[in-house]
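Below, all heavy atoms of this structure are taken into account, side chains as well, without hydrogens, waters or symmetry copies.
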Amino acid sequence: MLRIYNTLTRKVEEFQTLEPGKVKMYVCGVTVYNDAHVGHAMSAIVFDVIRRYLMYRGYEVRFVRNYTDVDDKIIRRAHELGEDPHRLAERYIQSFEEDMAALNVLPPTAAPRATQTMDKIIEMVQGLIERGYAYAPGNGDVYFRVSKDEDYGKLSGRRLEEMMAGARIEVGEMKEHPMDFALWKAAKPGEPAWDSPWGKGRPGWHIECSAMNLAELGEQIDIHGGGNDLIFPHHENEIAQSESFTGKPFARYWVHNGMLQLSGEKMSKSLGNIIPIKEFLRQREADVMRMLILNSSYRAPLAFNDEVLDAAEKSLERLRSGLKPALPGANGLSTENAQALSAQAEATRQAFCEAMDDDFNTPLALAALHDLVRAINTARDQGATDAQLAPAQAVLRELTGVLGLRLEKVSRHSDAAPFVDLLLQVRNELRKQKNWALSDLIRDRLKELGVTVEDTREGSTWHW
RNA sequence: GGCGUCGUGGCCAAGUGGCAAGGCAAGGGUCUGCAAAACCCUGAUCACGGGUUCAAAUCCCGUCGACGCCUCCA
């Protein structure tokens, strides 16, 4: 039985879907005014792993991730660059999708955009006004009336009275209550604008997610995800809008990932300490990022630095070692040892699922995989043939695949393989003649070209 | 100030009442012409101080420290 930590109740709960066998899942995407950074990658990977595991468990998952393609920051940036805001947004949507593909994050079932959900947004705002949850003071803005919503604050665990201190009203706003927030914002001259019953304007910060949920997934969903910095005010406001509009509980499970920490601080645009995904991928493989994330609980803050990245890289290499072929001259496992290997494969699959069932405990799941790798490597050392290794290696591929790891390196050098083979044949003759100087030279030079040679008594193997 | 999360070996990290997973690094060993890989072995009074319990890393109280949110943020 799968159990998930729910931010709404602050407890680990049994996972039960609204509809048997089906999961409706919404994750807050990005505001597209810049290249995505590794913090976005963390969130994307966390929810990708959750989605993949749900699929592995047999659920049909409908996964929606939105694009915020109109807001103040996009408009400001477009103005700075002298670019049309819509084109700017489009450009960064493309960039984001490239990054996600490179990170092996599965494409969402649907990727709605705020600008394409305008009818639904206006419908919701209007509905909220009719039900008394919102008001249009006449300046072209529409605000949500927090005092009308008795359980406002239930997700973030705050009360309205406590929030008063930090609240402030901007110049030009006409709010009844400082914590009221904009559902619709009047457009200033030159800004992107849509017609509405309240004049030309654009949606507020939170309503688009409520509207897109309604449009893509319906009134109620199973899982709502995002970074834990979105709990307040974004998700709090989303709940307020959605539940006030439909009168029904919105999301059953609220799931939030912890923040990436750069030198002890959260990585964020306002702090300026961001590392774009594209820059990261120039330095390291995508799977290194994924390994780093899998190595700790998705809810905890995650330190991001060269030291932990190096460790993640090595740990990934170790998982890969399990997929290496049999040794040259392998003459088969004893029945006893063969049984031990298949027993470990089965034990690992079970341990993996138990770990993942416990609120996606990926560090524990990885530990199970490392146990399997050790068993495979031991079997190989004991003389297992490729055929004998294959079933356990298939389990390793299956489970790492659930985590979204690609153990097989994508190699563009495959054309060169026959030549490396030839070179090693010649080198093997040199070794038989004990010409160590020349055979070591070949090994060193190949290493410089990215080919690692490993010798055994029976012969040599190599890999990129 | 309010709300919340957390402090486990050199580093990352699981475990949340019953002998402290796993990875990285380090040291020793097996194998090897050497190297690499692989395998084996070695290590923690669980921030500190009280308390509850037959039993506490795990529960309670206090202290210190770190981080997040309260303003756009994955």
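- Using a cutoff of 4.0 Å between basic side-chain nitrogens and carboxylate oxygens, A/Asp72 and A/Arg202 are scored as salt-bridged.
- As the counterpart of B/rG17, no nucleotide is assigned, since no Watson-Crick or G-U wobble pattern has both distances under 3.5 Å.
- With RNA chain B read from its 5' end, the first of the two nearest nucleotides for A/Asp381 and A/Arg374 is the one closest to A/Arg374.
- Salt-bridge check for A/Asp48 with A/Arg52: passed, with a basic side-chain N closer than 4.0 Å to an acidic carboxylate O.
- Each of B/rC24, B/rC69, B/rA14 was ranked by its minimum atom distance to the side chain of A/Ala311; first place goes to B/rC24.
- As judged by a 4.0 angstrom heavy-atom cut-off over every strand, A/Ser297 is placed among residues touching the sugar-phosphate backbone only.
- Distance from the side chain of A/Ser296 is smallest to B/rA13 among B/rA13, B/rC70, B/rA74.
- Put simply, A/His40 has a side-chain N or O that comes within less than 4.0 Å of OP1 or OP2 on B/rA74.
- Taking atom CG on A/Leu327 and atom P on B/rA37, their separation rounds to 15 Å, with Å as the unit.
- No hydrogens or angles considered: a donor-acceptor pair under 3.5 Å links the side chains of A/Thr7 and A/His256.
- Here B/rG23 is the nucleotide among B/rA74, B/rG23, B/rG33 with the atom lying nearest to any side-chain atom of A/His370.
- A side-chain donor from one of A/Asn377 and A/Arg380 sits under 3.5 Å from a side-chain acceptor of the other.
- To the nearest whole angstrom, the two C1' atoms, one in B/rG23 and one in B/rG9, are 13 Å apart.
- Within 4.0 Å (heavy atoms only), A/Lys314 reaches sugar-phosphate atoms of the nucleic acid but no base atom.
- The phosphate of B/rG15 has OP1 or OP2 within less than 4.0 Å of a side-chain N or O from A/Asn361.
- Classification of the A/Phe304-A/Phe280 ring pair by plane angle, with boundaries at 30° and 60°, yields tilted.
- Shown for residues 98-110 of chain A: no residue has heavy atoms falling under 4.0 angstrom of RNA chain B.
- Between the base of B/rG22 and the side chain of A/Asp371 there is no donor-acceptor pair shorter than 3.5 Å.
- Distance, A/Leu389 CG to B/rA37 P: 20 Å, rounded to whole Å.
- Residue-to-nucleotide proximity on RNA chain B shows that, of A/Val30 and A/Arg158, the 5′-proximal contact is made by A/Arg158.
- Between the side chain of A/Asn295 and the base of B/rG22, at least one donor-acceptor pair of N or O atoms lies under 3.5 Å.
- Side-chain atoms of A/Gln94 and A/Glu90 include a donor-acceptor pair closer than 3.5 Å.
- In this structure, OH of A/Tyr298 is placed 13 Å from C1' of B/rU5, rounded to the nearest angstrom.
- At least one donor-acceptor pair under 3.5 Å links the side chain of A/Ser321 to the backbone N or O of A/Arg318.
- Regarding A/Asp444, its CG atom lies at a distance of 12 Å from the P atom of B/rA36, rounded to whole Å.
- Between B/rC67 and B/rU58, the two P atoms lie 24 Å apart (nearest whole Å).
- Within 4.0 Å of A/Gly225, counting heavy atoms only, lies no atom of the nucleic acid at all.
- With B/rC24, B/rA14, B/rC73 as the candidates, the nucleotide lying closest to the side chain of A/Asp229 is B/rC73.
- When the C1' atom is compared between B/rC59 and B/rC73, the two are found 37 Å apart, to the nearest whole Å.
- Across every strand in view, B/rC69 sits in a pair with B/rG2 that passes the Watson-Crick or G-U test at under 3.5 angstrom.
- Counting non-hydrogen atoms under 4.0 angstrom, A/Thr461 reaches nothing in the nucleic acid.
- Within the nucleic acid shown, A/Glu307 comes within 4.0 Å of sugar-phosphate atoms alone, with no base atom in reach, counting heavy atoms only.
- Between the CG atom of A/Leu309 and the P atom of B/rA13 there is a distance of 13 Å, given to the nearest Å.
- With both pairing distances under 3.5 Å, B/rU63 is matched to B/rA47 as a Watson-Crick or G-U wobble pair.
- Backbone-only contact: A/Lys324 has heavy atoms under 4.0 Å from sugar-phosphate atoms and none from a base.
- Note on A/Leu260: a base of the nucleic acid sits closer than 4.0 angstrom, heavy atoms only.
- Phosphate contact (OP1/OP2 of B/rA36, side-chain N/O of A/Lys447, threshold under 4.0 Å): absent.
- For B/rC34, the base has a donor-acceptor partner in the side chain of A/Asp455 [N/O atoms by modelled type, under 3.5 angstrom].
- Atom P of nucleotide B/rA25 and atom CZ of A/Arg318 are separated by 10 Å, given to the nearest angstrom.
- Salt bridge A/Arg252/A/Glu13: absent, no basic N to carboxylate O contact under 4.0 Å.
- With both pairing distances under 3.5 Å, B/rA38 is matched to B/rU30 as a Watson-Crick or G-U wobble pair.
- Rounded to whole Å, the C1' atom of B/rC12 lies 11 Å from the corresponding atom of B/rA25.
- Nucleotides B/rA26 and B/rA36 are separated by 12 Å at their P atoms, to the nearest Å.
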Apply side-chain contact (heavy atoms from CB on, under 4.5 Å) to residues A/Thr68 and A/Tyr33 and explain how you reach the verdict. CA-CA 9 Å; A/Thr68 300; A/Tyr33 70 103; over 6 Å; no

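- With hydrogens and angles left out, the side-chain atoms of A/Tyr92 and A/Asp69 include no donor and acceptor closer than 3.5 Å.
- Contacts of A/Gly226 with the nucleic acid, taken as non-hydrogen atoms under 4.0 Å apart, involve only primed sugar atoms and P, OP1 or OP2.
- If you check every strand for non-hydrogen atoms under 4.0 Å, A/Val27 touches nothing.
- If you take CD of A/Gln261 and P of B/rU5, they are 16 Å apart, rounded to a whole angstrom.
- A straight line from OH of A/Tyr5 to P of B/rC6 spans 8 Å, rounded to a whole angstrom.
- Between A/Lys324 and A/Glu454 there is a salt bridge, with a side-chain nitrogen of the basic residue lying less than 4.0 Å from a carboxylate oxygen of the acidic one.
- Across all strands shown, B/rA57 has no partner, as no Watson-Crick or G-U wobble contact with both distances under 3.5 Å is found.
- At B/rA38, none of the side-chain N or O atoms of A/Arg320 fall inside 4.0 Å of OP1 or OP2 (strictly under the cut-off).
- Judged by atom type and distance alone, A/Arg443 does not reach the base of B/rA36 through any side-chain donor-acceptor pair under 3.5 Å.
- Between B/rC39 and A/Asn377, a contact under 4.0 Å exists linking OP1 or OP2 to a side-chain N or O.
- The side chain of A/Pro363 lies closest to B/rA21, out of B/rG33, B/rA21, B/rA36.
- Residue contacts for A/Arg299: at a heavy-atom cut-off of 4.0 Å it reaches no nucleic acid atom on any strand shown.
- The neighbour count for A/Glu80 CD, taken as heavy atoms of other residues, nucleotides or ligands under 6.0 Å away, is above 12.
- Searching all strands for a Watson-Crick or G-U wobble partner of B/rG9 with both distances below 3.5 Å returns nothing.
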